[in-house]
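Structure, as structure tokens:
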Amino acid sequence: GMSGGIAYVFDPDGQFKLYCNTAMVDLEPLFTEAEQQGKLSKDLWHMGEADEVSLRRLIENHVRHTGSEQGQHILGQWANTRGKFVKVFPKEYRRALTEIAAGKKAAA
């Protein structure tokens, strides 16, 4: 799903990076909320929320609307399946978030 400028891809075989233009995007693991607090400035959190929380809600909504079996499987095995997601973070979007954050700090 697309969320702001960020996409999450379920990539159980680790093949996605072969098809991706990494000049344009960074591919990152999906961090748990605790990991994300340690690794990523809060300014770069989408809507101030951890990716794991956003993604889980997206999948829950998808399952509710479609009854998707894959979605149910992913949620049922979350501790295992969440590690198979790749976060696709466009470099332009990261730069924009960083500039917005710097502007807020300057204004404060």
Side-chain angles (χ1 to χ4, degrees):
M2 257 324 207
S3 169
I6 293 173
Y8 305 102
V9 178
F10 187 55
D11 182 31
D13 307 320
Q15 296 290 300
F16 181 69
K17 60 182 174 294
L18 303 177
Y19 303 102
C20 212
N21 180 358
T22 50
M24 304 291 291
V25 299
D26 293 317
L27 300 182
E28 300 180 351
L30 181 77
F31 295 133
T32 64
E33 190 157 11
E35 288 172 330
Q36 190 164 325
Q37 277 169 344
K39 296 186 186 205
L40 191 63
S41 156
K42 260 301 206 324
D43 299 324
L44 296 180
W45 289 32
H46 180 70
M47 312 281 290
E49 186 173 67
D51 296 320
E52 178 186 15
V53 176
S54 307
L55 176 61
R56 195 172 171 136
R57 195 174 54 247
L58 287 170
I59 298 170
E60 285 168 350
N61 289 341
H62 177 68
V63 168
R64 203 165 32 246
H65 293 302
T66 66
S68 160
E69 282 181 25
Q70 189 191 30
Q72 288 168 1
H73 164 75
I74 288 169
L75 292 171
Q77 307 285 321
W78 186 249
N80 178 27
T81 52
R82 70 152 190 256
K84 313 257 196 247
F85 280 89
V86 178
K87 176 182 172 183
V88 184
F89 201 159
K91 296 185 181 185
E92 274 296 311
Y93 185 56
R94 181 190 292 267
R95 188 153 53 239
L97 288 178
T98 305
E99 283 170 11
I100 290 165
K104 280 186 190 151
K105 288 198 180 99

Inset, instruction - Under the side chain to side chain contact (heavy atoms under 4.5 Å, CB included) rule, what do Leu55 and Lys87 come out as? Steps first, then yes or no, please. - result: CA-CA 10 Å; Leu55 176 61; Lys87 176 182 172 183; over 6 Å; no

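- Under a hydrophobic-cluster definition in which Ile, Leu, Val, Met, Phe, Trp and Tyr are linked whenever side-chain heavy atoms come within less than 4.5 Å, directly or via other members, Leu27 and Phe89 are assigned to different clusters.
- A salt bridge links Arg95 with Glu92: the distance from a Lys NZ or Arg NE/NH1/NH2 to an Asp or Glu carboxylate oxygen falls below 4.0 Å.
- Applying the under-4.5 Å side-chain rule to Ile, Leu, Val, Met, Phe, Trp and Tyr, the cluster around Ile100 consists of that residue alone.
- In terms of heavy atoms, Ser54 sits closest to Tyr8 at CB-OH, 4.3 Å.
- A salt bridge links Asp43 with Lys105: the closest approach of a Lys/Arg side-chain nitrogen to an acidic carboxylate oxygen falls below 4.0 angstrom.
- Hydrophobic cluster of Phe31: no remaining members, since no ILVMFWY side chain lies below 4.5 Å from it.
- At a threshold of 4.5 Å between non-hydrogen side-chain atoms, the residues Ile59 and Phe10 do not count as touching.
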Inset, instruction - Step by step, work out the salt bridge (charged side-chain N to carboxylate O under 4.0 Å, His left out) result for Glu52 and Arg56. - result: CA-CA 6 Å; Glu52 178 186 15; Arg56 195 172 171 136; 5.9 Å; no

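- Scanning both residues, Val25 and Pro90, for their nearest heavy atoms gives CG1-CA, 3.8 Å.
- Atoms CG and CD1, on Leu97 and Ile6 in that order, are 6.5 Å from each other to the nearest 0.5 Å.
- Closest approach of Val53 and Glu33 over heavy atoms only: CG2-OE1, 3.6 Å.
- By the 4.5 Å heavy-atom criterion applied to side chains, Leu75 and Glu60 are counted as neighbours.
- In this structure, Val88 is not a member of the same hydrophobic cluster as Leu58, with clusters built from ILVMFWY side-chain heavy atoms closer than 4.5 Å.
- Residue Asp51 comes nearest to Gln36 through the heavy atom pair N-OE1, 3.0 Å, listed as atom of the first residue, atom of the second, then distance.
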Legend entry - Step-by-step side chain to side chain contact (heavy atoms under 4.5 Å, CB included) determination, Thr81 to His73: CA-CA 9 Å; Thr81 52; His73 164 75; 4.1 Å; yes

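- The cluster map of Ile, Leu, Val, Met, Phe, Trp and Tyr, joined by side-chain heavy atoms under 4.5 Å apart, puts Met24 and Val9 in the same cluster.
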Legend entry - Worked check of side chain to side chain contact (heavy atoms under 4.5 Å, CB included) between Ile74 and Phe85: CA-CA 10 Å; Ile74 288 169; Phe85 280 89; 3.8 Å; yes

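- Heavy-atom minimum distance, Lys91 versus Asp26: CE-OD1, 2.9 Å.
- For the pair Val86/Leu30, no side-chain contact is recorded, criterion being any heavy-atom separation below 4.5 Å from C-beta on.
- A side-chain donor-acceptor contact under 3.5 Å links Asp11 to the backbone of Gln15.
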